[in-house]
Amino acid sequence: MIKTTITGMGFSVPDQIIKNEDLEEMMNTNDEWIRSRSGIEERRWVIEGEGASDLSLLASEKAMSQAGVTTDDIDMIIVGTVSSDYYFPGVAVQLQERMGMQTIGAFDIRVGCAAFIYGLSIADQYIKSGQCKTILLVGTDVLSSILEKSPAGRDVGVLFGDGAGAVILQQTENDSGILSTHLHSEGKYMRALWVEIPGSKFKDRGIRDELLEQRRHRLMMNGREVFKHAVRRFPEVIQEALDENNLTLDDIAQVIPHQANQRITEAVAKRMGVGLDLVYSNIHRYGNTTAATIPIAMCEAFEEGKFSTGDHIILAAFGSGFSWASAAIKW
Ligand code: UT7
């Protein structure tokens, strides 16, 4: 039976490091508050002129090199992002052009923090059905350019960083690879974590002085609402992936959750009755990079020897939508 396996991974973050101390004056915050509420010590922010496609290109080149594939081998590009360089088209077509690929299918999916697993699920269907042999999947976001970088936005502004992670997905006939994916959403909470404009409901897409003055183009979040749902949905969707594959947490080498907040990760580990050593975290280095957290964390967890060939891992994400998802993988 054909399955989908990850044959290469890579990630890229901007060079510009923003430490908690760098935000103190800008947002009237302090290192102690940020560390204790989120676990974040620093994050990377792009500079003017640097966008999601630039980070994605570097991440993709690394993943392709690790997989030993060339641009001619790729037969589809999927990018999970809410941060296209331009309002449209998306990042995927820019990658197709910048990497000199053939005229293959290339599209973005706008799912926020769960986008990488949604993309994994889509890619898995194309590969299992035999329609594609090699897919480039990227998770990337650059939310630093829509953060309110003033004291009024400090509850959200300190949490997010920019980045990109990429994987190459290919067919395999052995017993490793993606075992299952599980996707969920609950749109009634869309306003708990959203950016209102530019939007098609508004004249001129809402790019008008009065709406900009009301900061309606900024990332808005009801942090407590997000926290409450996240700590319930993460364990639920992880359990769903375990049950589907007759696995228990004892069979899992590493759970790789979306890096939203260290307190969420700790609460999830506690609810599931596992130690923090089973649940990967690198949020202190990058903050919440939205769709990029999982592929970046997968790269680093693998490099750190947290899992290796033959191990089972679980990916899980929760975020804007609300949307949440998990995947069970045998490496
Ligand atoms: O992918 C999903 C992404 N989202 C998340 O992961 C967010 C989930 N939510 C959270 O992690 C938490 O709700 C936050 C970290 C965002 C906020 O923590 P909280 O314990 O819910 O804080 P709060 O919003 O209730 O604010 C507590 C206090 C307030 O001051 P007062 O009213 O008690 O005097 C805020 O004004 O902390 C203040 N505050 C800050 N102080 C310093 C809010 N943001 C900051 C800040 N620096 N950056």
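Indexing begins at 1, ligand by ligand and atom by atom, following the structure's order. All of these numbers come straight from a predicted model, not from anything done at the bench.
- Residue contacts with ligand 1 for M27 are absent, since no atom lies close enough (heavy atoms, distance under 4.0 Å).
- Every atom of ligand 1 is numbered from 1 in the order shown, and the set under 4.0 Å from a heavy atom of D155 is 16 (C), 43 (C), 44 (N).
- Shown in contact with C113 at under 4.0 Å from a heavy atom are these atoms of ligand 1, numbered in order with element: 1 (O).
- Here the heavy atom of the protein found nearest to atom 27 (C) of ligand 1 is R37 NH1, 3.8 Å.
- Using a 30° and 60° split on the angle between ring planes, H229 and F318 fall in the parallel class, below 30°.
- In this structure, the side chain of R205 does not engage the main chain of F202 through any donor-acceptor pair within 3.5 Å.
- Taking a cut-off of under 4.0 Å to the non-hydrogen atoms of R263, the atoms of ligand 1 that pass are 12 (C), 18 (O), 20 (O).
- Atoms of ligand 1 lying under 4.0 Å from at least one heavy atom of V158, given by number and element, are 48 (N).
- Q170 and T7 form a side-chain donor-acceptor contact under 3.5 Å, judged by distance and modelled atom types alone.
- Counting heavy atoms under 4.0 Å from ligand 1, residue N288 touches it through the side chain alone.
- Those atoms of ligand 1 that come under 4.0 Å of a heavy atom in T29, given as number and element, are 42 (C), 46 (C), 47 (N), 48 (N).
- By heavy-atom distance, the residue among Q259, R224, H258 lying nearest atom 23 (P) of ligand 1 is R224.
- We find that E41 and K19 are not joined by a salt bridge, their nearest charged nitrogen and carboxylate oxygen being 4.0 Å or further apart.
- Atoms of ligand 1 lying under 4.0 Å from any heavy atom of N261, numbered from 1 in the order shown and given with element: 6 (O), 10 (C), 11 (O), 15 (C).
- Closest to atom 48 (N) of ligand 1, if we only count protein heavy atoms, is R154 O, 3.0 Å.
- With distances taken over non-hydrogen atoms, the option nearest atom 37 (O) of ligand 1 out of W33, F227, F322 is W33.
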